[in-house]
J.: 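This is the structure, below, for whatever I ask next.
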There are 2 protein chains.
Amino acid sequence: MASVTEENYLKALFILVSERGMATISDLSSLLKVSLPTANSMIKNLKKQDLVNYEKYKPLSLTEKGKREAALVLRKHRLTEMFLVTQMGFGWEVVHEIAEQIEHIDSSIFFERMDELMGHPTIDPHGSPIPDKDGRIAEEVYEQLSSCKVGDKVRLIALAHSAADFLKYLNNRDLQLGVEMKVISVEPFDGSMVVSYSNHSSETLTHPVCERLRVELLEH
Amino acid sequence: MASVTEENYLKALFILVSERGMATISDLSSLLKVSLPTANSMIKNLKKQDLVNYEKYKPLSLTEKGKREAALVLRKHRLTEMFLVTQMGFGWEVVHEIAEQIEHIDSSIFFERMDELMGHPTIDPHGSPIPDKDGRIAEEVYEQLSSCKVGDKVRLIALAHSAADFLKYLNNRDLQLGVEMKVISVEPFDGSMVVSYSNHSSETLTHPVCERLRVELLEH
DNA sequence: TAATTTTGTTAGAATACTCTAACTCCATAC
DNA sequence: GTATGGAGTTAGAGTATTCTAACAAAATTA
């Protein structure tokens with residue numbers, strides 16, 4: 001079985017590829033905060049195990065085997081996050097850190113019991129899909145809030161990132177998954193948006209925020 | 001902070017010393033299933049960090065600092081075992097394996113929340129005391145069943161070991177913590193005992209089993 | 001296209017943990 | 001009291017993961 005380090009590389013690769021369509025060694029190196037040669041040699045190692053496709057100077061991808069391994073780690077991560085929120089009462093802004101560690105626990109009964117206790121959830125507390133036991137994962141087909149137009153009514157479905165700072169920012173504005181929002185105006189210069197929702201009649205969100213909010217279009 | 005490996009050495013040392021009064025490098029080596037030279041060099045490393053007292057060819061002990069570190073790992077282990085049993089519905093025979101991994105998670109809020117959700121338990125599912133946040137641990141003052149005499153009435157309070165095989169053996173005989181037992185007879189030859197409890201009127205327990213059952217004397 | 005910057009690679013080394021082989025110390029048995 | 005066996009030690013090496021330094025390839029910019 002893959003080591004903790006290897007699992008982290010596979011997971012990072014999986015996330016990079018699903019977010020940007022591709023990944024390079026320097027993407028990995030900066031995401032995992034290791035030097036370029038370190039990432040380089042780990043990639044060679046993973047290639048040898050038939051977990052990544054790799055040719056010198058070419059972009060990286062996961063093999064089927066690698067995808068499956070990565071998705072199973074992601075499954076453990078997201079089940080854990082959901083467990084921490086729904087069963088242990090943690091806020092969504094703290095669970096990522098803990099789940100980063102628990103995702104490497106090697107115990108199928110532990111995660112199966114979590115899954116069972118929660119009634120087999122399909123998304124984590126940030127709206128990301130939880131892969132199934134075979135490593136299959138639902139496509140994320142949501143739009144970014146930043147691509148919406150003035151007048152659009154949308155529902156907040158998921159977040160593209162789950163850094164604590166970002167989640168606290170949302171907490172401070174009462175922005176939770178499921179909230180229905182209306183786009184009041186869009187600033188062409190910097191892409192910031194003014195939106196209304198619940199009892200917030202006019203909240204300004206900067207472009208980096210709007211990019212990370214994934215929404216379902218209700219009407220426009 | 002101590003690495004996972006270091007934590008395992010400290011915990012092993014703590015348990016050996018509290019069970020046998022002392023520990024040697026070969027005790028450690030066999031408990032942790034590493035070679036003697038491996039244990040030897042790790043002990044030198046721990047001595048350098050002022051976690052163990054060690055002089056060449058002499059028995060080992062933990063420094064105050066080492067005891068505290070070890071007790072905090074044990075706290076995480078035992079809180080986890082209790083959580084797995086009381087909050088997640090696992091049997092006491094499977095929790096040790098999972099707790100062996102979770103005890104190394106570095107997150108005080110995680111374990112504090114466990115503790116809180118369970119109402120600050122003082123013992124784990126096998127009757128062993130849970131050290132407090134400062135690493136203080138209650139003395140275990142119980143007797144071994146093996147030291148009891150014919151006619152003694154006792155209550156099962158704790159187990160000296162928690163290997164799955166042993167716990168399944170107890171499960172098969174409906175032996176749980178709290179059960180009141182009476183010593184019917186003792187076989188001088190091999191130290192095995194016949195006891196009665198609940199709806200078991202005559203159950204034979206071998207000496208290794210009786211040694212591992214910790215009891216409180218009710219009357220004799 | 002030539003120059004520059006970014007990205008990727010190789011070489012060589014450090015740290016943590018592990019091992020086997022070979023030797024030494026020490027307690028105990030005769 | 002010496003021989004012997006178990007316990008402890010040292011030396012030397014291997015694996016996994018990481019780094020820096022130096023160089024090469026590819027992409028971008030001028």
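Note on naming: letters A, B, ... go to the chains in the order of the sequence lines (proteins, then strands), and numbering restarts at 1 for each one. Because the structure is a prediction, the values reported are computed rather than measured.
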J.: Can we say B:Glu93 and B:Lys168 salt-bridge, meaning some charged N sits less than 4.0 Å from an Asp/Glu carboxylate O?
T.: no
J.: In whole angstrom, what separates A:Asn40's CG from D:dT18's P?
T.: 13 Å
J.: Would you mind checking if B:Lys67 and B:Glu64 are paired as a salt bridge, meaning a charged N to carboxylate O distance below 4.0 Å?
T.: yes
J.: Atom CG of B:Leu28 to atom P of D:dG8: distance rounded to whole Å?
T.: 10 Å
J.: Has the side chain of B:Thr63 got a donor or acceptor atom that lies under 3.5 Å from a matching backbone atom of B:Leu51?
T.: yes
J.: Whole Å only: how far is the CD atom of B:Glu55 from the C1' atom of C:dC26?
T.: 17 Å
J.: In whole Å, what is the span from the CD1 atom of B:Ile43 to the P atom of D:dT10?
T.: 14 Å
J.: Counting the atoms with a prime plus P, OP1 and OP2 as sugar-phosphate, which does A:Lys44 contact under 4.0 Å by heavy atoms, base, sugar-phosphate, or nothing?
T.: sugar-phosphate
J.: Could you list the protein-to-nucleotides 18-20 of chain C atom pairs, N/O on both sides, closer than 3.5 Å?
T.:
{"from": "C:dT18", "atom 1": "OP2", "to": "B:Tyr9", "atom 2": "OH", "distance (Å)": "3.2"}
{"from": "C:dC19", "atom 1": "OP2", "to": "B:Ser35", "atom 2": "N", "distance (Å)": "2.8"}
{"from": "C:dC19", "atom 1": "OP2", "to": "B:Ser35", "atom 2": "OG", "distance (Å)": "3.0"}
{"from": "C:dC19", "atom 1": "OP2", "to": "B:Thr38", "atom 2": "OG1", "distance (Å)": "2.4"}

J.: Can you tell which of B:Asp124, B:Val95, B:Val94 makes a side-chain contact (heavy atoms from CB on, under 4.5 Å) with B:Val85?
T.: B:Val95
J.: Quick one: B:Lys56 NZ to C:dC26 P, roughly how many Å, whole number?
T.: 10 Å
J.: If the cut-off is 4.0 Å, is A:Ser26 near the phosphate of C:dG8, judged by side-chain N/O to OP1 or OP2?
T.: yes
J.: Roughly, in whole Å, what's the span from OH in B:Tyr57 to P in C:dC25?
T.: 5 Å
J.: Would you kindly give the NZ-to-C1' distance between A:Lys58 and D:dA25, to the nearest whole Å?
T.: 12 Å
J.: Atom CD of A:Gln49 to atom P of D:dT15: distance rounded to whole Å?
T.: 15 Å
J.: State plainly whether the residues A:Glu100 and A:Lys11 are in salt-bridge range, i.e. N to O under 4.0 Å.
T.: yes
J.: If we count only N and O atoms by modelled type, under 3.5 Å, do the side chains of A:His104 and A:Asn8 hold a donor and an acceptor together?
T.: yes
